[in-house]
Peer 1: 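Here it is: the structure, laid out below.
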Amino acid sequence: MDYALPYPSQRTPVLGRNVVATSQPLAAQAGLQMLARGGNAVDAAIAAAMVLTVVEPTGCGIGSDAFAILWDGQDLHGLNASGRAPAAWTQERFAHLKQMPEQGWDSVTVPGAVSAWIALWERFGSLPLADIAAPAIGYARAGFPLSPIIAVQWGLGARRLGKEPGFAEAFMPGGDVPKAGEIVRLPDHARTLEAIVASKGEDFYRGELAGRMVAHGAAHGGAMTLDDLAAHKVDWVGTVSQRFGDATVHEIPPNGQGIATLIGLAILDVLGVGDKPVDDIETLHLAIEATKSALVDIAAHVSDIETMRVRPADLLDPAYIAARASLIDRNRAGDPGHGTPRPGGTVYLATADAAGRMVSFIQSNFAGFGSGVVVPGTGISLQNRGKGFSLKPDHPNVVAPRKRPFHTIIPGFVTDHGGNPLMAFGVMGGPMQAQGHLQMALRILRYGQNPQAAADAPRWRVMHGRSVSVEASFDPALVEGLRQRGHEVVVETPDAVFGFGGAQAILRNGPLSYVAGSDPRKDGQAVAF
């Protein structure tokens, strides 16, 4: 069957009192099953997250990292479940390299996604963990039809990582890459999920599964130990936030890049963006320039928050934001350097329930299948988050023992002027995420677009210097307008959609219902009842 979509199409927003929006339909339906059984938005989020490790292993796995922001009906919470470097990861270990490895065991930090599932369930879950995990275990054991976009990503990942230890055994059955529509079974994955459920995650960090991970690493030059795994813990970190118009946008504090979204939005407020249409050249130019300024700042300053030399509040200080905004030329593209304030190809999902709880959740391998390492007989594919460290000795993000690396994955959340929950949203795609958050927030909060329209809109991506990449569907008049202002614009081919991320958003639509959108750039779906 030809899975190409040669004709323009559009989606309509999904409305309901209980909503799940994910990057893959089977995961969305698993979350909705939990809500239909009387579970809450947290149960739905965990179920969907577990299913995504099965049906979309190109973006996440049991060995991923994760973050979440959730409204429990009364308060807002932020969870950082990203892992830390092994204790043996000193600067000396990597001194012979110019940059951190992107694949293999020396790119693997302690995986945190399992700890996120357990921490969320123990604190906020309402259904038995076995019930929540049942859809994921069922799809892994009985099989599922591989969806078209994920099939393309699977093939790309296999070409890059097929020789990494354990990869072919897990993801290339019989030596071949599965095709779209083919039934894929992951029996090892199912058994591991069952062990995680039975032990409430202990087996993964302190039991047999931990031992198998460490033994596999030792056999292939890895440094992770049982002590590294046992020392892992999640942190309830709250959020860092920025007022934007009548709403407040929330992100997880560093080590993630979410603060870049807040810096960019704060600059846009100072510049008074909003008086011209959202797709006007002036709005577009200023949004790109604000994003540039934010990205160079986080590249210079963001790391594990314990090692940052400036605090998040310093980067969002009104005087500092005003100074950064003053450097932007309204008529000409710039190539900004970072400021120094004075001291002073991931999966995303959103859920919401009729009781008012909302969850913004993200988990990721980082690059495609991550490190490419899969622990034999377990289905545990491991992320490559170690790639996020710097090897510059004077950089706050330099690699160090038991340190968290700079992270690209970020869940977003919005509250209204009264502090009430308004929206759970996110955009997948490495360095696209912070700038994708800004584009979604600008469209929905400042211009009133519905979540589906905001997800559908053509996106741009700041690259470096004055270079900006835009989707093939971008308005040619806007492309020309950007070039006239000095932007070096690259119009991507239609098949380059992965580079612009995929978005999901659930927006409160009055006191009793929600409206949701999901991104056609992936196999995303929003479902509701």
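Along the sequence shown, residues are numbered consecutively beginning with 1. Just so you know, these numbers come straight off a predicted model, no measurement behind them.
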Peer 1: If you look at every heavy atom in Gly157 and Phe369, which pair is closest and at what distance?
Peer 2: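 Closest heavy-atom pair between Gly157 and Phe369: CA-CD1, 3.9 Å.
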Peer 1: Tell me if the aromatic rings of Phe366 and His407 count as close, with their centers under 6.0 Å from one another.
Peer 2: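 Centroid separation for Phe366 and His407: 6.0 Å or greater.
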Peer 1: Let me see the working for Met172 and Asp176 under side chain to side chain contact (heavy atoms under 4.5 Å, CB included), right down to the final yes or no.
Peer 2: CA-CA 5 Å; Met172 299 171 66; Asp176 296 322; over 6 Å; no
Peer 1: Under 3.5 Å, is there a donor-acceptor pair between the side chain of Thr53 and the main chain of Gly61?
Peer 2: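 Not at all, since once roles are kept as given, no pair shorter than 3.5 Å links the two residues.
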Peer 1: I need the minimum non-hydrogen distance between Ala528 and Val14, along with the two atoms involved.
Peer 2: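 Residues Ala528 and Val14, closest heavy atoms: CB-CG1, 3.6 Å.
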Peer 1: Could you verify whether a donor N or O on one side chain and an acceptor N or O on the other, from Thr109 and Gln383, lie under 3.5 Å apart?
Peer 2: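 Present: a donor and an acceptor within the cut-off.
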Peer 1: Would Glu164 and Gln103 count as having a side-chain donor-acceptor pair, cut-off 3.5 Å?
Peer 2: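 Note: Glu164 and Gln103 side chains meet the donor-acceptor criterion.
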Peer 1: Do Ser107 and Asn384 get their side chains close enough for a donor-acceptor pair, meaning under 3.5 Å?
Peer 2: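 Asn384 and Ser107 do not have a side-chain donor-acceptor pair below 3.5 Å.
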Peer 1: Any chance you could measure Ile150, atom CD1, to Ser23, atom OG, to the nearest 0.5 Å?
Peer 2: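 So the gap between those two atoms works out to 6.5 Å.
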Peer 1: Hey, could you give me the CD/CG distance between Gln91 and Leu391, rounded to the nearest 0.5 Å?
Peer 2: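 Reported to 0.5 Å precision, the distance equals 8.0 Å.
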Peer 1: Do Arg459 and Asp519 meet the salt-bridge criterion of a basic N to acidic O distance under 4.0 Å?
Peer 2: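 Yes.
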Peer 1: Hey, is the main chain of Pro25 close enough, under 3.5 Å, to the side chain of Asp523 for a donor-acceptor pair?
Peer 2: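 No, Asp523 side chain to Pro25 backbone: no donor-acceptor pair under 3.5 Å.
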Peer 1: Taking the side chain from Gln363 and the backbone from Ala49, do they hold a donor-acceptor pair closer than 3.5 Å?
Peer 2: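 Checked: pair present.
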Peer 1: Hey, does Asp456 have a side-chain heavy atom less than 4.5 Å from the side chain of Pro520?
Peer 2: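 Contact flag for Pro520/Asp456 side chains = yes.
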Peer 1: Quick one: does Asn80's side chain have a donor or acceptor within less than 3.5 Å of a partner on Ile252's backbone?
Peer 2: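 Side chain of Asn80 to backbone of Ile252, a donor-acceptor pair under 3.5 Å: no, none is there.
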Peer 1: Identify the heavy atoms of Ser82 and Asn255 that sit nearest to each other, and give their distance.
Peer 2: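 Looks like OG-ND2, 3.4 Å.
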Peer 1: Side chains of Val249 and Thr415: closer than 4.5 Å at any heavy-atom pair?
Peer 2: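 No, side chains not in contact.
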Peer 1: Does either side chain, that of Thr291 or that of Gln435, offer a donor lying less than 3.5 Å from an acceptor on the other one?
Peer 2: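 No.
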Peer 1: Could you grab the distance from atom CD1 of Ile506 to atom CG of Leu422, nearest 0.5 Å is fine?
Peer 2: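 The distance works out to 12.5 Å.
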Peer 1: Stepwise, does the side chain to side chain contact (heavy atoms under 4.5 Å, CB included) test hold for Ile444 with Met423?
Peer 2: CA-CA 10 Å; Ile444 295 171; Met423 180 169 68; 3.7 Å; yes
Peer 1: So do the side chains of Asp304 and Pro405 get within less than 4.5 Å of each other, counting heavy atoms only?
Peer 2: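 Side chain of Asp304 against side chain of Pro405, heavy atoms only: no contact under 4.5 Å found.
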Peer 1: Are Leu262 and Val240 close enough that some pair of their side-chain heavy atoms sits under 4.5 Å apart?
Peer 2: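 Yes, close enough: below the 4.5 Å cut-off.
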Peer 1: Take atom CG of Asp246 as the centre, draw a 6.0 Å sphere, and report whether it contains more than 12 heavy atoms from other residues, nucleotides or ligands.
Peer 2: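 Atom CG in Asp246 is not packed in, count stays at 12 or less.
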Peer 1: Would you mind reporting whether Val302 and Asn397 have side-chain heavy atoms less than 4.5 Å apart?
Peer 2: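 No. Closest side-chain heavy atoms not under 4.5 Å.
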Peer 1: Would Val19 and Val527 count as a side chain to side chain contact (heavy atoms under 4.5 Å, CB included) here? Give the steps.
Peer 2: CA-CA 6 Å; Val19 186; Val527 293; over 6 Å; no
Peer 1: Please determine, by modelled atom types, if Thr408 and Arg385 share a side-chain donor-acceptor pair under 3.5 angstrom.
Peer 2: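 Short answer, yes.
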Peer 1: With a 3.5 Å distance limit and no angle check, can you tell me whether Thr283 reaches the backbone of Asp279 through a side-chain donor-acceptor pair?
Peer 2: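 It does not hold such a pair.
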Peer 1: Taking all atoms of both residues into account, what is the closest heavy-atom pair of Val270 and Ala322, and its distance?
Peer 2: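 Val270 and Ala322 have their closest heavy atoms at CG1-CA, 4.4 Å.
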Peer 1: Check for a donor-acceptor pair, side chain of Asn509 on one end and backbone N or O of Ser513 on the other, with a separation under 3.5 Å.
Peer 2: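 Side chain of Asn509 to backbone of Ser513: no pair is present.
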Peer 1: Which atom names give the shortest non-hydrogen contact between Phe167 and Gly162, and what distance separates them?
Peer 2: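 Between these two residues, the closest heavy atoms are CD2-CA, 3.7 Å.
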Peer 1: Roughly how far apart are Gln433 CD and Met440 CE, rounded to 0.5 Å?
Peer 2: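 Between atom CD of Gln433 and atom CE of Met440 there are 12.5 Å.
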Peer 1: Looking at CG of Leu265 and CG of Leu442, how far apart are the two atoms once the value is rounded to the nearest 0.5 Å?
Peer 2: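 Spacing of CG (Leu265) from CG (Leu442) equals 7.5 Å.
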Peer 1: Just checking, any donor-acceptor pair under 3.5 angstrom between side chains of His437 and Glu251?
Peer 2: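 Short answer, yes.
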Peer 1: Can you name the nearest heavy-atom pair linking Ala66 to Ala113, along with the distance?
Peer 2: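 So the minimum-distance heavy-atom pair works out to CB-CA, 4.0 Å.
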Peer 1: Is the gap between the ring centers of Trp154 and Phe171 under 6.0 Å?
Peer 2: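 Centroid distance Trp154-Phe171: below 6.0 Å, so yes.
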Peer 1: Cut-off 3.5 Å, side chains only: do Tyr348 and Ser360 have a donor facing an acceptor?
Peer 2: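 A donor-acceptor contact under 3.5 Å links the two side chains.
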Peer 1: May I ask you to decide whether Asp235 forms a salt bridge with Arg84, counting only side-chain N to carboxylate O separations under 4.0 Å?
Peer 2: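 Here Asp235 pairs with Arg84 in a salt bridge, since their nearest N and O are under 4.0 Å apart.
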Peer 1: Do Gln525 and Thr22 get their side chains close enough for a donor-acceptor pair, meaning under 3.5 Å?
Peer 2: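 No.
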Peer 1: Are Phe406 and Phe389, when compared by the centres of their aromatic rings, separated by less than 6.0 Å?
Peer 2: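 Judged by ring-centre distance (under 6.0 Å), Phe406 and Phe389 do not meet the cut-off.
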Peer 1: Short question: side chain of Asn365, backbone of Ser64 - any donor-acceptor pair under 3.5 Å?
Peer 2: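 Looks like no, no N/O pair under 3.5 Å.
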Peer 1: Would you call Glu282 and Lys276 a salt bridge, using N to O less than 4.0 angstrom?
Peer 2: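 Counted as a salt bridge, because a side-chain N and a carboxylate O are separated by less than 4.0 Å.
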Peer 1: Please round to the nearest 0.5 Å and tell me the distance separating atom OG of Ser381 and atom CG of Leu161.
Peer 2: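 Rounded to the nearest 0.5 Å, the OG-CG separation comes to 10.5 Å.
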Peer 1: Would Arg485 and Leu482 count as a side chain to side chain contact (heavy atoms under 4.5 Å, CB included) here? Give the steps.
Peer 2: CA-CA 5 Å; Arg485 293 182 182 223; Leu482 288 175; 5.7 Å; no
Peer 1: Is there a donor-acceptor pair closer than 3.5 Å between any side-chain N or O of His395 and the backbone N or O of Ser303?
Peer 2: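 Not at all, since once roles are kept as given, no pair shorter than 3.5 Å links the two residues.
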Peer 1: Run the salt-bridge test on Asp297 and Arg324 with the 4.0 Å N-O cut-off and return the result as yes or no.
Peer 2: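 Answer for the salt bridge query: yes.
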Peer 1: Should Pro411 and Phe361 count as side-chain neighbours, where that means a heavy-atom distance under 4.5 Å?
Peer 2: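 In short, these two side chains do not touch, never coming nearer than 4.5 Å.
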Peer 1: May I ask you to test the Met432-Gln439 pair for a side-chain heavy-atom distance under 4.5 Å?
Peer 2: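 Yes - at least one pair of side-chain heavy atoms lies under 4.5 Å apart.
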Peer 1: Is the closest basic N to carboxylate O distance between Glu289 and Lys292 below 4.0 Å?
Peer 2: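 Salt bridge present between Glu289 and Lys292.
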Peer 1: Testing the 3.5 Å rule here: is there a donor-acceptor pair between the side chains of His250 and Thr239?
Peer 2: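 Per modelled atom types, His250 and Thr239 side chains form a pair under 3.5 Å.
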Peer 1: I'd like to know if Glu471 pairs up with Arg461 as an ion pair, taking the criterion as any Lys NZ or Arg NE/NH1/NH2 lying under 4.0 Å from an Asp or Glu carboxylate oxygen.
Peer 2: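 Looking at Arg461 together with Glu471, the answer is no, because their closest N to O distance does not fall below 4.0 Å.
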Peer 1: Can you find a pair of side-chain heavy atoms, one from Pro421 and one from Phe413, that are under 4.5 Å apart?
Peer 2: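 The answer is yes, as the side chains (C-beta and beyond) meet within the 4.5 Å cut-off.
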Peer 1: With a 3.5 Å distance limit and no angle check, can you tell me whether Arg332 reaches the backbone of Gln484 through a side-chain donor-acceptor pair?
Peer 2: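 It does hold such a pair.
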Peer 1: Between Ser147 and Ile149 (side chain of the first, backbone of the second, donor and acceptor by atom type, cut-off under 3.5 Å), is there such a pair?
Peer 2: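 It does not hold such a pair.
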Peer 1: Less than 4.0 angstrom from a charged side-chain N to a carboxylate O is my criterion; do Asp314 and Arg309 meet it?
Peer 2: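 No.
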Peer 1: Should the pair Arg521 and Phe500 be classed as cation-pi, given the thresholds of under 6.0 Å to the six-membered ring centre and 45° from the axis?
Peer 2: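 The answer is no; the distance or angle limit is not met.
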